[in-house]
Amino acid sequence: MGVIKFFLLLLVIIMAFFSIVQKSIKSNQKEEESRNYYRDTTKELKFILKLKPIVYGIYIGIVAISLLFGSIYFTNEQEIGFTSFFGHNTMIEGPGMHFKIPFLSQKHVYDSTTKGMPVGYVEGTDESNAEDSLMITSDFNFINIDFYIEYRIVDPIEYCYGSDDPEGVLKNIAQASIRNTVGQYNVDAVLTTGKSEIETKVYEEIIERIEEHHIGISVGNVTIQDSEPPTSEVNDAFKAVETAKQGAETTINNARKYANEQIPAAEAKAEEVKQAATATKTERTNAAKEEVAKFEALFKEYQRNPETVKRRLYYEALQEILPNMEVIIGKDAKVIYIKDGVNIQTNETSSKKNTVTVPDMGQDQ
């Protein structure tokens, strides 16, 4: 609308100028007729009046060129926007050349690439801004914490009409969300283990509040840049605590590593002992079964002919014992001297179990 007003004003000025020139020529001509002489100014004014078609032609040319350039515009892949015509908004579809109604239709084009917003520090200098970074935790400790928020414009219409300062609204929302979330955690979590969870909660809260304000901005990521105690003494104490925690974590990991190495070896050894025990059990069971079978066979034979079996068993026992022993049998068939390797026993010092009585075999011979 401003351009239209300018061209209309310029047209009015041109028309007024040539109208004044024409009136001046008529006035001079009347004066010349009454005084009967010719003035040079009349000649000059007539020459200016002859330029009227040229001036109007130049004006029309300027208007035409302005109409041409005012109706064509270009956008690239990193830009989004819309055109407005008496309250009616039309989104710009894709990059390239576009057309609009010159002068009456307005274009609004914005950069849609991802931008960053520091909260708690000054970007570029990394100087801390205590007014934004100093916060209080749930256990009533003060802490300096800096955030970096990535955002981009996704709805140019809402971005244009939703607020006079969309970035300012985003910053206020981010500061409120950060303070609300940090206040739910103790200082130890803010400094160490709780950073990831805090970032997630802040991101979710910012997204929820932005949707309520309709400012056409989308937040892509929220990152904690730095978190530290407000004084150097407290910072040193927290560093010492963090070092101790890391040492404890290292010890625990080493213990787990040792357990992972020793447990399989112990399990393998236990399995080996178990298998050996199973093999011994099987071997002894089989031997016992063989002994039982022999005993049962011998018992059946004993039931049929007990005397013969007893005699045979006696002889077999003597065959196993006597070849390695020197036995002297005295009167009454009692053992009075036994020599087995290094051990020597006599009837007087030995117990009754060392006395061997030889049965009478005269009847069998």
Side-chain angles (χ1 to χ4, degrees), residues 1-11 57-124 146-178 196 199-225:
M1 297 298 294
V3 178
I4 295 177
K5 291 180 179 179
F6 171 76
F7 280 115
L8 289 177
L9 178 62
L10 182 60
L11 179 61
I58 294 173
Y59 174 81
I60 294 173
I62 293 174
V63 171
I65 293 173
S66 300
L67 289 174
L68 178 63
F69 283 97
S71 62
I72 298 174
Y73 63 96
F74 297 87
T75 59
N76 56 43
E77 295 179 352
Q78 298 178 348
E79 293 177 334
I80 59 173
F82 68 98
T83 58
S84 60
F85 180 70
F86 293 108
H88 178 72
N89 301 314
T90 303
M91 291 291 296
I92 298 173
E93 300 294 338
M97 185 174 65
H98 305 277
F99 298 92
K100 66 181 184 67
I101 299 175
F103 306 144
L104 300 178
S105 178
Q106 294 182 344
K107 66 180 178 68
H108 306 270
V109 179
Y110 305 100
D111 185 5
S112 64
T113 57
T114 300
K115 305 179 185 66
M117 176 181 292
V119 178
Y121 69 100
V122 179
E123 191 174 14
D146 302 332
F147 282 79
Y148 188 76
I149 300 173
E150 297 178 358
Y151 71 95
R152 66 187 186 91
I153 301 171
V154 294
D155 191 331
I157 297 177
E158 288 187 351
Y159 182 82
C160 180
Y161 299 117
S163 172
D164 292 337
D165 185 13
E167 281 81 5
V169 174
L170 173 61
K171 187 172 184 179
N172 291 334
I173 292 174
Q175 290 175 338
S177 301
I178 290 170
S196 178
E199 290 173 349
T200 302
K201 285 191 175 182
V202 171
Y203 171 79
E204 293 174 352
E205 188 169 345
I206 291 176
I207 290 296
E208 182 179 354
R209 293 190 179 186
I210 280 181
E211 291 178 353
E212 297 174 356
H213 286 78
H214 304 287
I215 57 175
I217 291 177
S218 173
V219 174
N221 192 23
V222 176
T223 307
I224 295 178
Q225 295 295 99

Among residues at least two apart in sequence or on other chains, which ones pass ring pair (Phe, Tyr, Trp, His ring centres under 6.0 Å) with Tyr161?
Phe82
Which heavy atom in Ile207 sits nearest to a heavy atom in Val219, and how many Å separate them?
CD1-O, 3.8 Å
I'd like to know if the side chain of Ser112 and the backbone of Gln78 have a donor-acceptor N/O pair within less than 3.5 Å.
yes
With a 4.5 Å heavy-atom cut-off, do Ile92 and Ile80 have their side chains touching?
no
If a pair satisfies side chain to side chain donor-acceptor pair (under 3.5 Å) and one of its residues is in residues 164-173, list it, with sequence neighbours excluded.
Tyr159-Glu167
Student check: side-chain heavy atoms of Val222 and Ile206 closer than 4.5 Å:
yes
In this structure, CG of Asn76 is separated from OG1 of Thr113 (nearest 0.5 Å) by 9.5 Å
Calculate, to the nearest 0.5 Å, the distance between atoms OH and OH belonging to Tyr121 and Tyr148 respectively.
6.0 Å
When you look at CD of Glu77, are more than 12 heavy atoms from neighbouring residues, nucleotides or ligands closer to it than 6.0 Å?
no
Going from OG1 on Thr223 to CG on Asn221, what distance comes out if it is rounded to the nearest 0.5 angstrom?
4.0 Å
Rounded to the nearest 0.5 Å, how far does CE of Met117 lie from CG of Leu170?
4.0 Å
Which heavy atom of Asn89 sits nearest to which heavy atom of Ser84, and what is that distance?
OD1-CB, 3.3 Å
Do Asp146 and Val119 have side-chain heavy atoms sitting under 4.5 Å apart?
no
What is the distance from atom CD1 of Ile157 to atom NE2 of His214, rounded to the nearest 0.5 Å?
14.0 Å
Could you tell me if the side chain of Ile215 sits less than 4.5 Å from the side chain of Glu158, heavy atoms only?
no
The salt bridge (Lys or Arg N to Asp or Glu O under 4.0 Å) partners of Glu205 (sequence neighbours excluded) come to Arg209
Note, Pro118 side chain near Val122 side chain (heavy atom, < 4.5 Å)
no
Would you indicate whether the side-chain heavy atoms of Tyr151 and Lys115 approach each other to under 4.5 Å?
yes
Glu199 (side chain) donor-acceptor with Ile224 (main chain) under 3.5 angstrom
yes
dist Ile210:CD1 -> Ser218:OG (nearest 0.5 Å) comes out at 7.5 Å
In the structure I gave you, are the side-chain heavy atoms of Pro156 and Met91 within less than 4.5 Å of one another anywhere?
yes
